[in-house]
Amino acid sequence: MQKCQVGIILYNNFNLKYHHIMKKISYILIILFFLLSLENILAQEMNHSPAAIEKMKLDQLWHKTDNAAGIFFDGTENYTSLNMSYNSINGNFHRPQQGKNENIWGFDAEGGVKLDKMYLWGEFRYSRNAIKDANYNASIIDPFRGMPYFVADTNISNWNNQHYELAFKACMPHVTNHLSAGIAGGYKASLGAKQRDPRTENYLMKLELKPSIVYSPSTSHHIGLNLVYYSLKEESNMENINTDISQTYYELYGLGTAVIGLGSGRTTNYVGNNIGGGIQYNYTGNVNVLFSSDYSLKVEEVEISFTTPKDDSATKQALWKNSLYLHTSAENHSHYVNVEYTRRSIDGIQYITLRDVSEKYQGWISLHKNIRSTYEDQYLQIGYDYAKNDRNEYKWVAGIQTGIKEKNDVYLIPRSEKKIKNAFGEIHGKYNFNLSDKLAKQLLTSVSFLYNKNLSGHYLYGGSHPEYPIVTELEQGDFDYLSSDFYSLHINATYSQRVNKENKINLFIQANGTFSKAQHTYFDDRSNLLLTFGCNF
Amino acid sequence: MKKRNCLKRIIISTLLLGIFVNCSSFNDILDTEKVEPLRTEIKIKIELEGFDSPQGLSIVLMNYLENIRIEKEFSGLSVPLDSLIPGIYTITISGKAYDNQGQLYYLNGGLVNQPLIKNNQTVEITVSGLKISPLVFKEIYYAGSAPNYFRDQFYEIYNNSDSILYLDGIYFAALYPSAATENKPVWPASDENKYVYTDRLWKFPGTGNQYPLKPGECCVVSQFAANHQLNIYNPNSPVDCSSSEFEFNMNNKNFPNQPAYDMVHVFYNGSSAMGTVPQYLTSVFGGAYVIFKIPENVPYDPVNDKSLQTRNLASSSTTLYAKIPIQYVLDGVEAGHNETMVKAKRMPVVLDAGMTYVGGTYNSLGVARKKIGENEDGTPILQDTNNSTDDFDRGLRPMLRRYGAKMPSWNHTLQ
């Protein structure tokens, strides 16, 4: 099979095992980020309390799209936000491949700065996840990323994962009288390690580039166009530390179809390329309206072994996202409406391969491939928020959201199905207490309540080995979770104040608590406590 | 000027994206079609003289990866198959039949790892035969016991006939590669699939009639014929092999020679010397075992006859392997990691169309041939269809002389 030469050169040149090099690059970028932030510290004009940052993001419509050329129309505020966080998640209401407990340490930095005629925005995220007692995953960092082909086992194990994410947007407004240009990009690197045999060490990287333009025939009308390309690679190296005991594992092929294996697992190489584009239309006047539609195609190939590569499977993903944002502001209040529709279709492709045992040994020969399974997720959401404004902040916000989620997964022959349809409704409110004008002491509180109702669903397995735990526990357990009715209560409290009168650096400490209660025989609840400490300026 | 440069950069970026879009593998995946059931026809060609029709033969198609089994009887010279899922199949045609002279044969033929991926594909399978062997592997214990003890491996060979058979001079081997693997060796094309290959060859001692097996009697050949349950070995072991008739003595001082008779070492890497390996260990994942008997008038000396040696042509290694003529194999049993490893078979279908397994290593489990009846003296009649998937019970606690099989009178414990 002919291969993508450009891609191969890129991947061969990029050895994920030298991941620490990327760490150093990350550190350098963080330092640059701080240097850019100095400009913000020196040029502070506005109060950047947590409520102000939130309000600013609510008002930014182009920022919600992939079009960096349009962010100029959102305003060019200089700001920086830094925070460190600790997140603790517990409870048995979770998907089978999630950990029973999870502790996450995180560091986030985000900021925007206007430089000459350009506006730059950047973000860096780091998180360290200690996942405890995860099951049915022995070979992939994120088993929910739309890749059905990986290795699972039944040895409940801890995972230690680290994630680094860098993102930027650069906007060059008025390149010509009516044209703005921009580019957005991102780099993500993850490391994951399963802690029990059969164990794995994984490296993932994703490199993304999104050039864009906006054509503005008048001051009120803006038409945007952007392209999206990203390249993804994940490498999974399985092994047994105790080589005396061979482990049973399952190579997954979707909806419970699995091939049992015995030993230490396999080396798997995931290589993906995504190409897509988006169009936007924005009207600014009394009402700020933005419609965005994005379509992308991703192909991800799964190859086993580096020494004698074998085409195992592939996925073809079509992602269609449509969003409509509406924002209108009067003197002391704002209305926000958003409608989002997303459809993700994945075709699961399996190869038929044969090993060449002739004297002209050619390794594994791919003879045939077919789409053997399809996975479709649809998501429709409508939301409305009303905000009572107070300068560049809000005094209070009230809003509702409702939507439908639908999953339709099919293994074609022999037929298996996993179909789920859920509806949800959410109501939320926020209030920003001004505790003292001195040092702008504030307490921002919020509460939200979400109820998820399963409308329909079934999981039917028609393949071989229905007795495998992959069918009876993994897939059935996943179906039980996804089709479960539940309610969720979220409470947030954020205290913030300036460092001193002269310095407008806003320090904040935040506590978030979420409690989700399942209405299902097999599940109880899941709680999430997130503590954040940071500053905005 | 700056604005123009900026536009240029955007155009270049867009072109770069175009290059990626043009990737052939990207487009190749996008063009993939949904799976559709296939129609296939299997034709039979009987190679042996004296057989005119496929009457009584059955065909089995196994897709081991997807656990699909299709079984049909031959009524003519071909069998149509509808609604087949594209995949790699092992196709076996088998059945017992008498030739024109009244000799009972086990007709067997097939293809291992045959891709069936095109609609209206026709596959022709040649069927040959072996005389029904009265000497069979009855029980095999290869997996070892916890934590990682492997010296308790044994192989039990049984006289499944109604006449006396002699073990003298019968060869024993585990085929190469030692464990089932898709990374197969390459053997000389000039051998025309007439041989199987081993790295080490043994044979039973005796001059012709020293080690008779009466009907219903068996002999146990152990890696090390000791009571493995003793504290000095492994109390977790499920077996006491001290009553074994034979052992593979490799002159290891730590595991000294036992009272059982020693198997005769024949071949290792082109020589009759044993080499430096301290034990005869076959794979704890499961080996492919054969016993074979060379007729007296046929010369067979793989040490001195270089035409009976070969290298693995897929490797630069100079290790020499002995050739075993398939036509002289009395019985063959292939064992592997688990049910899906049949895709990695080492043994030709004519010797064993299937594979047996215990699903783990060091789990104290073995395999035993199924009992389908009893002789008048209570000794078992064992199933032998040349398909160890069907012929063997799997995952049993190993046991010497199961089903009341008898010990031969020359066993050392009876002397």
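Worth saying up front: this structure is predicted, and the values here are computed from it rather than measured. Order of the sequence lines sets the chain letters (A, B, ...), proteins ahead of strands, with each chain counted from 1.
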Between B:N338 and chain A, with a heavy-atom cut-off of 4.5 Å, which part of the residue counts as in contact: side chain, backbone, both or neither?
side chain
Return the minimal non-hydrogen interatomic distance between A:I275 and B:F26, and the atom names on each side.
CG2-CZ, 3.5 Å
Structural part of A:I413 lying under 4.5 Å from a heavy atom of chain B
both
Heavy-atom distance under 4.5 Å to chain B: side chain of A:L262, backbone, both or neither?
both
What residue in B:E182, B:H337, B:M341 has the most heavy-atom pairs under 4.5 Å with chain A?
B:E182
Could you look at A:T248 and say if it's the side chain, the backbone, both or neither that has a heavy atom under 4.5 Å from chain B?
side chain
Indicate yes or no: at least one non-hydrogen side-chain atom of A:T374 is less than 4.5 angstrom from one of B:K34.
yes
Would you give the length of the straight line joining atom CG of A:N370 to atom CD of B:E33, rounded to the nearest 0.5 angstrom?
8.0 Å
Working to the nearest 0.5 Å, report the span between CG of A:L354 and CD1 of B:I88.
5.0 Å
Side chain, backbone, both or neither: which part of A:S373 has an atom under 4.5 Å from a heavy atom of chain B?
neither
Between CG of A:D244 and OG1 of B:T361, what distance do you get to the nearest 0.5 Å?
8.5 Å
Once you round to the nearest 0.5 Å, how far does CG of B:N27 lie from CG of A:L297?
10.0 Å
Please flag which part of B:P37 lies under 4.5 Å from any non-hydrogen atom of chain A: side chain, backbone, both or neither.
both
On a heavy-atom basis, the closest approach of A:R372 and B:I85 is NH2-CG2, 3.5 Å
What option among A:I260, A:L412, A:I349 has the most heavy-atom pairs under 4.5 Å with chain B?
A:I260
Between B:A189 and chain A, with a heavy-atom cut-off of 4.5 Å, which part of the residue counts as in contact: side chain, backbone, both or neither?
both
Validation row: B:P115, A:H368 side chains within 4.5 angstrom (heavy atoms):
no
What do you reckon, is CG of B:N193 surrounded by more than 12 foreign heavy atoms closer than 6.0 Å?
no
Going from NZ on A:K316 to CG on B:D28, what distance comes out if it is rounded to the nearest 0.5 angstrom?
11.0 Å
Select one option (side chain, backbone, both, neither) describing which atoms of B:I117 are under 4.5 Å from chain A's heavy atoms.
both
Bottom line for B:N148: the part with an atom under 4.5 Å from chain A's heavy atoms is side chain
Side chain from CB out, backbone as N, CA, C, O: work out which of these in A:T315 comes under 4.5 Å of a heavy atom of chain B, or both, or neither.
backbone
Toward chain A, the part of B:F285 with a non-hydrogen atom under 4.5 Å:
side chain
Do you know which of B:G144, B:G359, B:P147 has the most heavy-atom pairs with chain A at a distance under 4.5 angstrom?
B:G359
How many angstroms lie between atom CD of A:Q350 and atom CD of B:E66, to the nearest 0.5 angstrom?
6.0 Å
Heavy-atom cut-off 4.5 Å, strictly under: side chain, backbone, both or neither for A:L367 against chain B?
both
